Protein chains: 2
Amino acid sequence: MATVRKSTLSDVARRAGVSATTASYILNGRSAQMRIAPATQDRVLKAAADLRYRPNPSARSLRTSTTRTVGVISDLVAGGSFASQMLTGASAAARMLAHLIVIGESQGDPQLEALLVEEMLDRHVDGIIYATLATSEVSVPRPLRQQRVVLLNCVDRATQLPAVLPDEYEGGRTAVAELLAGEVPGEIHVVGEMSSEGGSLAGPLRLDGIRDALREAGRDLAGVLSCPWDVAPAFDVVDGFLRDGGRAAGLVCLNDRVALGTFQALAEHGLVVPDDVSVVSFDGSELAGWLRPRLTSVAIPYADLGARAVEMLLDTKEQGPSVVRVPMPVARGTSVLRAR
Amino acid sequence: MATVRKSTLSDVARRAGVSATTASYILNGRSAQMRIAPATQDRVLKAAADLRYRPNPSARSLRTSTTRTVGVISDLVAGGSFASQMLTGASAAARMLAHLIVIGESQGDPQLEALLVEEMLDRHVDGIIYATLATSEVSVPRPLRQQRVVLLNCVDRATQLPAVLPDEYEGGRTAVAELLAGEVPGEIHVVGEMSSEGGSLAGPLRLDGIRDALREAGRDLAGVLSCPWDVAPAFDVVDGFLRDGGRAAGLVCLNDRVALGTFQALAEHGLVVPDDVSVVSFDGSELAGWLRPRLTSVAIPYADLGARAVEMLLDTKEQGPSVVRVPMPVARGTSVLRAR
DNA sequence: TGATCCTGCTGATTCGATTCAGCATGTGGT
DNA sequence: ACCACATGCTGAATCGAATCAGCAGGATCA
């Protein structure tokens, strides 16, 4: 642990033969306003380089009360690659802006959440990103309200805080576009829950987009096979549908897990994707790429969301509350029957 | 942004009618050695509570040069839930020890990695966890060597740094135990790559465990279907095997993606899991739970790894270099034929 | 020759907590 | 009545950088 003693501003100043004050001005790029002679400037810069001078962030923070860190608080119940990707984006954006990311996971526990918020505020993070796994409506903890905050993947109607979300409505339209770019000679159904309980906002918006896009194409939505967004429920509902003699040429699954369940049910009934049924989905998860055939999925741009959130947070142009919708790109597979 | 002015130690001291020195001693639990009168102690504690005093971490760090943060540097190429789970564990453990986690993702880029290391050292993190996605042999960046470091999911033979890894060998044995707890009236094969290139250490160790456990049970390994650890390659190799007339009663897949490919190939050949073939796997990912039937998988305890790494890092008992192997628990599904 | 201005720098203070060294009291012993 | 000692507290320095106010010294002008 024999760490080399770090050199301080005074070390640099001494080596350059100037006062710490002067060195400070120069190293902070304020030479101009302070009328520092170019020669002096060079000497100090050289000294700093020689000594590998790196300012002590604690000292700086103490004076300026900014820490060049941003806190990310999420409920992200481990597992999904959500957190991972979102943090990747956030972390990259933060690096660009010379910040580091401090994380805290509330695991959905309001008390833990409050603790984490407090701890981050104690440490004077320059801002906090409040993220949720599922797109949802939230009520941010009190102490956060008068801080720099950006909501990620959620909104808080009460407070009008700035937020970053996927553009679910356009995503819905995109899914339909993918489907109709192929051959779909029959009914189109949606698979997935749309009951508004649970607070997820994604479902209704995607469904709106799907409905509108279909209508504009002169087709309509034959029905919705309603189920929770998971593999087994999706299997059951699609299995039931087929067992009852239901037939569809196109299925829009509301996420990739639903699509997996759907694939399994279709296989069980001897139906082949995409020859018998075309399938598109949402999430753009790894899973989509693992299926046979590979699934066309409208992706949730987690990394982008993370990056945008950080940028908004650190953007000094203090624009008012605003909600940014990030486009959902397509991860294209071969689950849609090609047009002849 | 109208943040309430935070109260300082002097505020507390003034309110309690003592000096800042005294307040400091009391709040740091050093009343005893400093012979503070109980009454004074109570007054200070009360004042601190009244004012909702929270020490300023920057000031404290400046004096003590400890920051109550730990850095996590990983290559974690987004996507896998690896990072997410590992951070969950790390973050929980850190909370217990009153620390926060600062993250940095190197994306496998040594230059970026060096930058991140530097930035974290600048900020005086109390220690760094150096993590890799795939269990592998690494060479940690220079500046890290004389710091408090714990390797996570990797080892550095050159430096003998402490490390935390899954117990892959025992995991291999566990997989076999799961398989043989059922009915496996025929050959047992392994599916997955075992060439030692790439630096992944998991494969060979799992394979050793598998071989030893089989031998001890009086069975042997009929063969290894070699392929990269991913869905499509696994599908191809198993498909080829079956096409060539190969038959197996038990398959040990080296990870869950391989197992998915294997499931797909088996289905293609009309083979039913577990009736015709029993399958076990490694990873314990969500995917295992999504398959039909649910896959029995020996889990990589990411959260535990993260937690253990943090604990080792912050454990002051400065024990020498040591390598900890964390047990791999079973996520049990129904992919093994039940014994009659 | 002195008043004025500009140039180029520096001293001293501040941020908030920690910590060493030491200073008043009060108590006990002789 | 005087010294020794324990008790209970405090002053001042310190960590490293930022920043305000201001000071020499030379040039410029009347």
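Fair warning: this is a prediction, and the values are worked out from it, not measured in the lab. We name chains A, B, ... by the order of the sequence lines, and we start the count at 1 in each one.
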Any donor-acceptor N or O pair under 3.5 Å, side chains B/Thr135, B/Asn153: yes
Gap between atoms CD1 and P, on A/Ile36 and C/dC6 respectively (whole Å): 18 Å
Check against side-chain hydrogen bond (donor to acceptor under 3.5 Å, both in side chains), A/Ser91 and B/Glu105: CA-CA 7 Å; A/Ser91 156; B/Glu105 225 193 328; 4.8 Å; no
Polar pair under 3.5 Å, donor/acceptor by atom type, side chain A/Arg63, base D/dA18: yes
5' precedence on DNA chain D between B/Val18 and A/Ser10 (nearest-nucleotide basis): B/Val18
Between C/dT18 (P) and A/Leu62 (CG): distance, integer Å: 12 Å
Side-chain donor/acceptor contact of B/Thr21 with base of C/dT19 under 3.5 Å: yes
Atom-to-atom span, CG of A/Leu51 to P of D/dG16 - whole angstrom: 14 Å
Options C/dG8, C/dA17, C/dG11, nucleotide nearest the side-chain atoms of A/Ser19: C/dG11
A/Ile26 CD1 - D/dA18 C1' separation (whole Å): 14 Å
Touch class at under 4.0 angstrom, heavy-atom based, for B/Ser61 against every strand present: nothing
Length of the line joining B/Tyr25:OH and D/dG11:P, which is rounded to integer Å: 13 Å
Side-chain donor-acceptor contact under 3.5 Å, B/Thr132 with B/Asp75: no
Below 4.0 Å: OP1/OP2 of C/dT18 and any side-chain N or O of B/Arg30: no
Sugar-phosphate only, base, or nothing, as touched by A/Thr40 at under 4.0 Å among non-hydrogen atoms: sugar-phosphate
Short side-chain N/O contact to D/dT10 OP1/OP2 from B/Thr22, under 4.0 Å: yes
Length of the CZ-P vector between B/Arg123 and D/dA17, whole Å: 14 Å
Per A/Arg35 side chain, nearest of listed nucleotides C/dT7, D/dC15, C/dA21: C/dT7
No-hydrogen, no-angle side-chain donor-acceptor test under 3.5 Å, B/Tyr130 and B/Glu113: yes
Interatomic distance, B/Asp11 CG vs C/dC15 P [rounded to whole Å]: 11 Å
Nucleotide nearest B/Leu9 when distance is taken to its side chain, options C/dT18, D/dC9, D/dT19: C/dT18
SB check A/Arg148 A/Asp126 (cutoff 4.0 Å): no
A/Pro55 side chain, from C-beta outward: closest of C/dG16, D/dA17, D/dC20: D/dA17
Selection from D/dA18, C/dT19, C/dT18 that lies nearest to any side-chain heavy atom of B/Asn28: C/dT18
B/Tyr53 vs C/dA17: side-chain N/O to OP1/OP2 distance below 4.0 Å: yes
Any donor-acceptor N or O pair under 3.5 Å, side chains A/Ser19, A/Thr22: yes
A/Ser24, nearest nucleotide to its side chain (from D/dA18, C/dC9, C/dG16): D/dA18
DNA chain D: 5'-proximal contact among A/Ala59 and A/Met34 (nearest heavy atom): A/Ala59
Between C1' of C/dC15 and CZ of B/Arg60, the distance in whole Å: 16 Å
